[in-house]
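In what follows, a single structure is set out as structure tokens and then discussed.
Letters go in sequence order (proteins before strands), and every chain restarts at 1. Since this is a predicted model, take the numbers as computed values, not measurements.
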Number of protein chains: 2
Amino acid sequence: MTYIVLDCGDDDGWRTVARENKGPDLQRSITLLWSGRAPGRRGPRPQLSVERIAQAAVRIADANGLDAVSMQRVAAELGYSTMSLYNHVPSKDLLLEVTADVAAGQPPELDEVGDTRRAVRQWVGALWAGFQTRPWLLGVPLGHAPVGPNQLAWLDRLLRPLLAAGLVGGEARAAALHLTAIVRGLAQISLDMTGGHQGDDGFPHGEAELARAVADLLDPQSYPALAAVHAAEAAEAAGGYEGVDEDGLVPELAFGVDRFLDGVEAWIARSRQV
Amino acid sequence: MTYIVLDCGDDDGWRTVARENKGPDLQRSITLLWSGRAPGRRGPRPQLSVERIAQAAVRIADANGLDAVSMQRVAAELGYSTMSLYNHVPSKDLLLEVTADVAAGQPPELDEVGDTRRAVRQWVGALWAGFQTRPWLLGVPLGHAPVGPNQLAWLDRLLRPLLAAGLVGGEARAAALHLTAIVRGLAQISLDMTGGHQGDDGFPHGEAELARAVADLLDPQSYPALAAVHAAEAAEAAGGYEGVDEDGLVPELAFGVDRFLDGVEAWIARSRQV
DNA sequence: CTAAAACTATGTACGTCATACATATATATG
DNA sequence: CATATATATGTATGACGTACATAGTTTTAG
């Protein structure tokens, strides 16, 4: 997988692109993000590359979190000067985008038999596991719809069982978006609950502390439903639960995914019938 | 709604809290975020307040985006020195948190009759509209589960119809999380599609450009499902669609929400039956 | 009523960040 | 070979978050 970013070599590279922000160069920029650069170039052989830089960024993020990923830190990791990076990457934002794509890696192979639910659950479990392994991925600001090769590969893998199940184009896309959003959203929220992270903000982290702290100021008058849920969950928690099922789904996630799939299956059945 | 953040007045305020990061002060910090400060204080009357600061931050974010919200800019907006803010807010992270809660505002009133689906759709539509109005809310990094009064009020409002419909505590919470995630995720992705934003990254924005650019490099070999979906959507697009329904839901969102609600309703029916 | 304590607003300063710009160097093309 | 063109580097700039010290103000303790 080769990333080359925006270096169109036309006039003065991406600088032009970033400024005009109009015209056919836009297309070329994404194209070059994918296709790799023309082989015959002048100048010295580049020792650095977008991949090496992104991999270094991944290493740093894995070790010290997303905040630790600065241009200087990445350059130091590679043993180059800070400004060298800008010969391969036009901005930090774009670097993070490539980094996220690299970190996402290849999507899982799904059981290709007719069991849609199984395949989707596997996919969801894999994505969930990915966010568990690399929590910092949730912190990468996503500026637009995914365009990286790996991101698209993940999307493609999910679309396969959905299409096979009988969803038409737009529905499959919506369903895929939906499932992605569920995993991201739930991962986002449940991360610090389980980790006992300590941010720099002096807030409590860890499920127990936060739950108790919030419970204390939950006025049942103003928040009746929340109070009810909290009480109910306290009762439920008596029977120790909290595990993952065979696809690696935590109960909350499984509930949402399964209910959604119930609805989708019913929809497909209804569509077929008409 | 009064926000007072972490100023426990015990020794040297939140500084202590942030350092120890353990002990009962944690609870007090959230408590104080809510309850307001003790009335009898020494020192001069504070002219600034967390609310005023957060409101200024909202104003700036509304006008110039989240990136424009710096401590210096906020202070300038209010006509105070930068460091004054730190008498009311312990860090920028926490300020953003409060800002997001202020910007979220009050949740909508939902039709309280038995129509669960209608109520949920209204809620979803309102949240969607909120993200449309204040796109920058999607950019506020969320470090933990929501604890702000408004955030919790939104959650509470959504939980009401879900509980009324017959979900038990944990299920209702999961469903609410789920719906929130859908809206956030879809808003996140579809924002720049519709806006024609131009980021600083020299990437094309706007649905048409991006779709075409991506289509060109979509190798049907590697991305069969994606290519199929793209082709199907191109065909579908012939009949001009793209509207919102009566609850303000864009089609993709409506599909996901409705399928999920289908599944939830079936689940409830099944649970009742047993 | 006075003095101390505690809080607010401010100014200065520091370290870090992204990145614009200029320069030296190395390479492929004419 | 000469020139155009890339790359790696060094320096510099402006913005940022925030630690720290200071001056001024108001409540509380004696």
Side-chain angles (χ1 to χ4, degrees), chain A residues 4-16 18-19 32 37-50 52-53 57 60 64 66-76 78-96 141 199-202, chain B residues 4-16 18-19 32 37-50 52-53 57 60 64 66-76 78-96 141 199-202:
Chain A
I4 300 295
V5 188
L6 284 180
D7 190 308
C8 317
D10 198 49
D11 193 15
D12 60 341
W14 58 67
R15 271 162 263 252
T16 311
R19 292 224 187 81
L32 283 164
R37 97 179 42 204
R41 299 280 293 250
R42 295 198 176 169
R45 297 270 158 65
Q47 321 173 247
L48 254 44
S49 70
V50 186
R52 282 188 64 197
I53 295 175
I60 295 168
N64 299 97
L66 193 61
D67 288 348
V69 177
S70 69
M71 298 305 267
Q72 358 242 349
R73 182 89 176 66
V74 172
L78 292 164
Y80 286 83
S81 79
T82 306
M83 292 311 288
S84 304
L85 306 184
Y86 285 94
N87 286 311
H88 308 267
V89 163
S91 73
K92 189 191 178 183
D93 285 341
L94 231 43
L95 168 58
L96 283 185
D200 307 338
D201 49 4
Chain B
I4 301 295
V5 188
L6 286 180
D7 190 310
C8 316
D10 197 48
D11 192 14
D12 60 341
W14 58 67
R15 269 162 266 250
T16 311
R19 291 226 188 80
L32 282 164
R37 97 180 44 203
R41 299 279 293 246
R42 294 195 176 172
R45 295 273 157 62
Q47 322 173 248
L48 255 44
S49 69
V50 187
R52 283 188 63 198
I53 295 175
I60 295 168
N64 299 96
L66 192 61
D67 288 347
V69 178
S70 68
M71 297 306 267
Q72 358 241 348
R73 182 91 176 65
V74 172
L78 292 164
Y80 285 83
S81 79
T82 305
M83 292 312 288
S84 303
L85 305 184
Y86 285 93
N87 286 311
H88 306 267
V89 163
S91 74
K92 189 190 179 185
D93 284 342
L94 231 43
L95 169 57
L96 283 184
D200 307 338
D201 49 3

Residue-phosphate contact under 4.0 Å: [X] side-chain N/O, [N] OP1/OP2:
X     : N      : answer
B:Y86 : D:dT18 : yes
A:H88 : D:dA6  : no
A:S84 : D:dT7  : no
A:S81 : D:dA8  : no

Could you check how far [atom1] of [X] sits from [atom2] of [N], rounded to whole Å?
X     : N      : atom1 : atom2 : value
B:R73 : D:dA15 : CZ    : P     : 13 Å
B:M71 : C:dT16 : CE    : P     : 20 Å
A:R42 : C:dA24 : CZ    : C1'   : 19 Å
B:M83 : C:dT8  : CE    : P     : 13 Å
A:L85 : C:dA18 : CG    : P     : 10 Å
A:L78 : D:dT9  : CG    : C1'   : 15 Å
B:Q47 : C:dC7  : CD    : P     : 17 Å
B:R52 : C:dT8  : CZ    : P     : 14 Å

Report the nucleotide, chosen from [options], that has the shortest atom-to-atom distance to any side-chain atom of [X].
X     : options               : answer
A:Q72 : C:dC17, C:dA9, D:dA19 : C:dC17
B:K92 : C:dA9, D:dT7, D:dG17  : D:dG17
A:P46 : D:dT7, C:dA28, D:dT18 : D:dT7

*Side chains of A:L85 and A:V74: does their closest heavy-atom pair fall under 4.5 Å?*
yes

*Between the base of C:dA9 and the side chain of B:N87, is there a donor-acceptor distance below 3.5 Å?*
yes

*With DNA chain C as reference, determine whether A:S70 or B:L48 sits nearer its 5' end, using the nearest nucleotide of each.*
B:L48

